[in-house]
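One is the number of the first residue; the rest follow in order along the sequence. All figures in this text were calculated on a predicted structure; none of them were measured in a lab.
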Amino acid sequence: MHRLIFVVYAGVVAVTSLRPGDDVNIDPMDKVVHLLVYYIFAVLGYRALANKAYYLYLCLGIVAYGALMEIGQSWIPGRQMSAYDFLANTLGVVLGAAVAARKR
């Protein structure tokens, strides 16, 4: 069940990341939202993974997924690629991984 939740969450992240935007109003909490979304992504990944020895690789995959979402936004009307969004995504994965590993 945890794997299904993880895959569905990845799909929701893709849909929300790659939908057209209005590009007019940038929310000041945008980076916090990025951090929280990818924090949850990393925690869900930990729960979905049967062999925790591969968790680092999964986290690197989530970071790469975040990079692909940012690159993809450069082709979406009303959206733009942002290195700061990618940094917030990565920090979210790092924090999520730290919390997940601590629960171990």
Side-chain angles (χ1 to χ4, degrees):
M1 184 62 141
H2 293 295
R3 285 184 184 173
L4 177 62
I5 293 169
F6 178 76
V7 170
V8 168
Y9 190 81
V12 169
V13 169
V15 167
T16 56
S17 295
L18 299 176
R19 67 187 167 124
D22 56 12
D23 200 29
V24 175
N25 191 4
I26 301 296
D27 185 5
M29 297 297 289
D30 176 56
K31 304 309 177 251
V32 174
V33 170
H34 278 268
L35 185 137
L36 288 175
V37 165
Y38 280 82
Y39 170 88
I40 293 168
F41 211 163
V43 171
L44 290 176
Y46 182 83
R47 297 185 72 182
L49 200 59
N51 186 347
K52 306 302 186 211
Y54 295 107
Y55 186 57
L56 174 63
Y57 299 111
L58 180 65
C59 286
L60 292 173
I62 296 170
V63 168
Y65 189 79
L68 289 173
M69 293 300 106
E70 288 302 319
I71 292 167
Q73 287 179 1
S74 66
W75 288 294
I76 305 296
R79 302 297 296 263
Q80 60 187 18
M81 183 171 58
S82 168
Y84 292 115
D85 286 350
F86 173 69
L87 183 62
N89 297 348
T90 303
L91 184 56
V93 172
V94 169
L95 291 174
V99 168
R102 189 157 166 85
K103 286 186 177 184
R104 195 181 225 193

query: Within 45° of the six-membered ring axis of Tyr84 and under 6.0 Å from that ring's centre, is NZ or CZ of Lys31 located there?
result: no
- prompt: Rounded to the nearest 0.5 Å, how far apart are CE of Met69 and CG of Asn89?
  reply: 10.0 Å
All N/O donor-acceptor pairs, side-chain side in residues 4-12, below 3.5 Å, sequence neighbours left out:
{"from": "Tyr9", "atom 1": "OH", "to": "Val37", "atom 2": "O", "distance (Å)": "2.9"}

- line: Tracing side-chain contacts under 4.5 Å among Ile, Leu, Val, Met, Phe, Trp and Tyr outward from Leu87 reaches none
field: Cluster overlap Leu56 with Phe41, hydrophobic side-chain contacts below 4.5 Å
entry: no
task: Would you name the heavy atoms of Ala97 and Cys59 that are closest together and state the gap between them?
output: CB-SG, 3.8 Å
Distance (rounded to the nearest 0.5 Å) between Leu58 CG and Leu44 CG: 10.5 Å
message: If you compare all heavy atoms of Ala50 against all heavy atoms of Arg3, which two are closest, and at what distance to 0.1 Å?
response: CB-NH2, 3.7 Å
message: Could you check, using the six-membered ring where one of them is a Trp, whether Tyr38 and Tyr65 have ring centers closer than 6.0 angstrom?
response: no
message: Strictly distance-based, threshold 3.5 Å: is any side-chain N or O of Gln73 a donor or acceptor partner for the main-chain N or O of Ser17?
response: yes
field: Considering all heavy atoms, the nearest Tyr55-Gly45 contact
entry: CE1-C, 4.0 Å
query: With hydrophobic residues grouped by side-chain heavy-atom distances under 4.5 Å, do Ile71 and Leu18 end up in a single group?
result: no
message: Between Tyr39 and Val93, is the side-chain contact (heavy atoms from CB on, under 4.5 Å) condition met? List the steps.
response: CA-CA 5 Å; Tyr39 170 88; Val93 172; over 6 Å; no
task: Examine distances only and state if a side-chain atom of Arg79 and a backbone atom of Arg19 form a donor-acceptor pair shorter than 3.5 Å.
output: yes
field: Cluster link Tyr46 to Tyr54, ILVMFWY, side chain under 4.5 Å
entry: yes
field: Within one Ile-Leu-Val-Met-Phe-Trp-Tyr cluster: Leu60 and Val43, side-chain cutoff 4.5 Å
entry: no
task: Apply side-chain contact (heavy atoms from CB on, under 4.5 Å) to Ala67 and list each qualifying residue two or more places apart in sequence or on a separate chain.
output: Phe86
field: Candidate pair His34 and Glu70, rule side-chain contact (heavy atoms from CB on, under 4.5 Å), full reasoning
entry: CA-CA 11 Å; His34 278 268; Glu70 288 302 319; 3.6 Å; yes
- request: Give, for atom OG1 of Thr90 and atom CG of Leu35, the distance between the pair rounded to the nearest 0.5 Å.
  value: 10.0 Å
task: Indicate if Met81 and Val15 have the same hydrophobic cluster label, given that clusters are the connected sets of ILVMFWY residues with side-chain heavy-atom separations under 4.5 angstrom.
output: no
